[in-house]
Amino acid sequence: MACDPKKVARCLLTTSAPWELLGWQPTAAQVEQFNELQHLLRLWNSRVNLTRLVEGDDYWISQIFDSLWPLQRWHGSSDPLQVIDVGTGGGFPGLAIAIALPQAQVTLVDSVGRKLQAVEAMALELGLQPRVQLRCERAEKTGRDPACRGRFDLAVARAVAAAPVVAEYLVPLLKSNGTALLYRGQWQQEDSRQLQRAAALLNATMAAPQGMTLPAERGQRHVIALTPSGPCPRTYPRAVGVPGKQPLV
Ligand code: SAM
């Protein structure tokens with residue numbers, strides 16, 4: 001989806017959070033939760049290094065907007081949704097998704113315990129705890145755990161590893177009709193070629209990349225969706241560390 005520059009200008013003149021570009025309007029309670037999340041990030045950032053994107057447009061555009069723009073298909077739905085965010089770090093995009101999609105059960109995975117403890121405390125403060133589960137482990141383990149393998153409608157990852165590596169983390173987690181969303185920055189044809197090769201090995205299909213120019217000069221983003229074409233071979237994900245060292249390209 002391309003961003004309409006006229007719409008951006010109008011949004012930025014009237015509001016610091018250009019929801020209309022998302023085609024979705026948060027309730028007052030959701031806006032309050034996003035504000036509270038920003039407050040909690042400031043608090044926890046002083047104890048654990050979670051993110052540098054906490055103030056002004058760094059937060060509203062590079063964190064919240066960037067987490068939510070690829071989800072337009074899911075905003076209008078009230079169907080129950082199982083979501084997993086792999087490599088959530090300070091809680092993005094997972095916590096933003098948990099706030100924006102009240103129908104979602106959200107699992108957040110990261111291998112760094114101190115980050116997940118902070119994210120857990122934030123989820124609790126935000127009242128999200130009944131819908132948010134945390135797993136402190138490597139994604140290669142998550143994909144082999146029967147409690148997670150093949151269980152998710154939506155699997156997402158932002159800024160975690162190269163796209164073929166992330167594909168190996170996410171595809172095994174999907175239900176047969178699920179979708180993996182790879183949040184990327186710049187994206188070239190060679191990236192598509194590499195990801196397509198990885199997707200074929202994982203028995204998944206890659207959709208055409210979608211682009212977005214973030215408002216407030218926050219740069220270019222892409223999202224690439226993968227959907228299963230059949231069961232993911234049991235050999236994936238490979239052992240901890242192998243996807244990163246020997247990417248499926
Ligand atoms: N997704 C967040 C964001 O966009 O702000 C955090 C990005 S941070 C650069 C990458 C995170 O992925 C780190 O917190 C790291 O611990 C986690 N990570 C990387 N590889 C992982 C793996 N194989 N299993 C679990 N977590 C992983």
Side-chain angles (χ1 to χ4, degrees), residues 1 22 24 34 37 50-51 53 62-75 77 79-112 115-116 119 122-123 128 131-140 142-143 145 148-175 177-185 187 191 195 198-199 202 204-212 214 221-228 232 237 243:
M1 174 182 50
L22 296 175
W24 172 74
F34 288 131
L37 175 56
L50 294 176
T51 174
L53 304 172
S62 302
Q63 295 283 39
I64 302 301
F65 186 95
D66 187 43
S67 293
L68 300 183
W69 75 264
L71 300 176
Q72 298 190 5
R73 180 179 135 196
W74 290 273
H75 280 308
S77 164
D79 293 344
L81 198 64
Q82 289 288 343
V83 182
I84 187 162
D85 177 17
V86 170
T88 193
F92 293 94
L95 284 179
I97 292 174
I99 291 172
L101 302 180
Q103 75 274 32
Q105 296 283 333
V106 181
T107 300
L108 305 176
V109 180
D110 204 287
S111 54
V112 178
K115 288 190 187 179
L116 267 198
V119 172
M122 292 193 285
L128 297 172
R131 292 192 293 111
V132 171
Q133 291 85 42
L134 296 108
R135 296 178 66 100
C136 186
E137 65 190 6
R138 292 280 304 207
E140 297 92 323
T142 318
D145 185 335
C148 291
R149 190 178 179 93
R151 302 278 171 167
F152 293 90
D153 301 293
L154 185 57
V156 301
R158 189 182 79 163
V160 173
V165 180
V166 173
E168 187 171 348
Y169 295 158
L170 299 187
V171 171
L173 297 164
L174 296 175
K175 292 179 182 173
N177 60 349
T179 303
L181 294 180
L182 282 69
Y183 288 61
R184 313 298 303 180
W187 190 258
D191 298 316
L195 184 56
L202 296 163
T205 305
M206 183 188 130
Q210 286 190 292
M212 165 65 85
L214 293 185
R221 299 287 186 274
H222 290 86
V223 71
I224 297 90
L226 299 175
T227 49
C232 180

Verify, without hydrogens or angle tests, whether Asp85 (side chain) and Leu108 (backbone) share a donor-acceptor contact under 3.5 angstrom.
no
Between Tyr183 and Ser67, the two heavy atoms sitting closest are OH-O, 2.7 Å
On a heavy-atom basis, the closest approach of Asp153 and Lys175 is OD1-NZ, 3.1 Å
### Task
Go through Arg184 and Val166 one step at a time and tell me if the side chain to side chain contact (heavy atoms under 4.5 Å, CB included) criterion holds.
CA-CA 11 Å; Arg184 313 298 303 180; Val166 173; 4.1 Å; yes
Gly143 and Leu173 have their tightest heavy-atom pair at CA-CD2, 3.8 Å
Separation between OG (Ser77) and CD (Gln103), nearest 0.5 Å, reads 5.5 Å
Q. Taking the side chain as C-beta and beyond, is there a heavy-atom pair between Ile99 and Leu37 under 4.5 Å?
A. yes
Candidate pair Met122 and Leu50, rule side chain to side chain contact (heavy atoms under 4.5 Å, CB included), full reasoning: CA-CA 12 Å; Met122 292 193 285; Leu50 294 176; 4.0 Å; yes
Tested for side chain to side chain contact (heavy atoms under 4.5 Å, CB included) against Trp74, the lone hit among Leu68, Asp79, Thr179 is Thr179
Note: Val119 and Gly89 closest approach over all heavy atoms is CG2-O, 3.3 Å
Would Gln105 and Leu81 satisfy side chain to side chain contact (heavy atoms under 4.5 Å, CB included), going step by step from the backbone distance to the final call?
CA-CA 6 Å; Gln105 296 283 333; Leu81 198 64; over 6 Å; no
**Asked** Do the side chains of Arg149 and Pro237 get nearer than 4.5 Å, heavy atoms only?
**Response** yes
Result for side chain to side chain contact (heavy atoms under 4.5 Å, CB included) between Leu154 and one of Val83, Leu170, Ile84 points to Val83
All heavy atoms of Val165 vs all of Pro243, minimum pair found to be CG2-O, 3.4 Å
Exercise. Are Asp145 and Arg135 side-chain neighbours, meaning at least one heavy-atom pair lies under 4.5 Å?
Worked result: yes
- For the residue pair Phe34 and Trp24, categorise the inter-ring angle as parallel (less than 30°), tilted (30 to 60°) or perpendicular (more than 60°). perpendicular
TODO: Would you indicate whether the side-chain heavy atoms of Leu71 and Leu181 approach each other to under 4.5 Å?
DONE: yes
Tell me, do Gln210 and Pro70 make a side-chain contact under 4.5 Å, heavy atoms counted? no
On a heavy-atom basis, the closest approach of Gly178 and Pro228 is O-CD, 3.3 Å
Taking the side chain as everything from C-beta on, heavy atoms only, tell me whether Leu182 gets closer than 4.5 Å to Leu195.
yes
| Phe92/Ile64 under side chain to side chain contact (heavy atoms under 4.5 Å, CB included): CA gap, chis, key distance, verdict | CA-CA 8 Å; Phe92 293 94; Ile64 302 301; 3.9 Å; yes
Determine, for Asp66 against Arg221, whether the closest basic-nitrogen to carboxylate-oxygen distance falls under 4.0 angstrom. yes
Between the NE2 atom in His75 and the CG atom in Leu22, the distance rounded to the nearest 0.5 Å is 5.5 Å
One should read off an interatomic distance between Ile97 CD1 and Arg131 CZ, to the nearest 0.5 angstrom, of 11.5 Å
Can you check whether His222 reaches Asp191 side chain to side chain, under 4.5 Å on heavy atoms?
no
CZ (Phe152) and OG1 (Thr142) are apart, to the nearest 0.5 Å, by 8.5 Å
Interatomic distance, CZ@Arg151 vs CG@Leu174, rounded to 0.5 Å, equals 13.5 Å
So, do Tyr169 and Glu140 sit near enough that their side-chain heavy atoms are less than 4.5 Å apart? yes
Value for SG (Cys148) from CD (Gln133), rounded to nearest 0.5 Å, stands at 9.5 Å
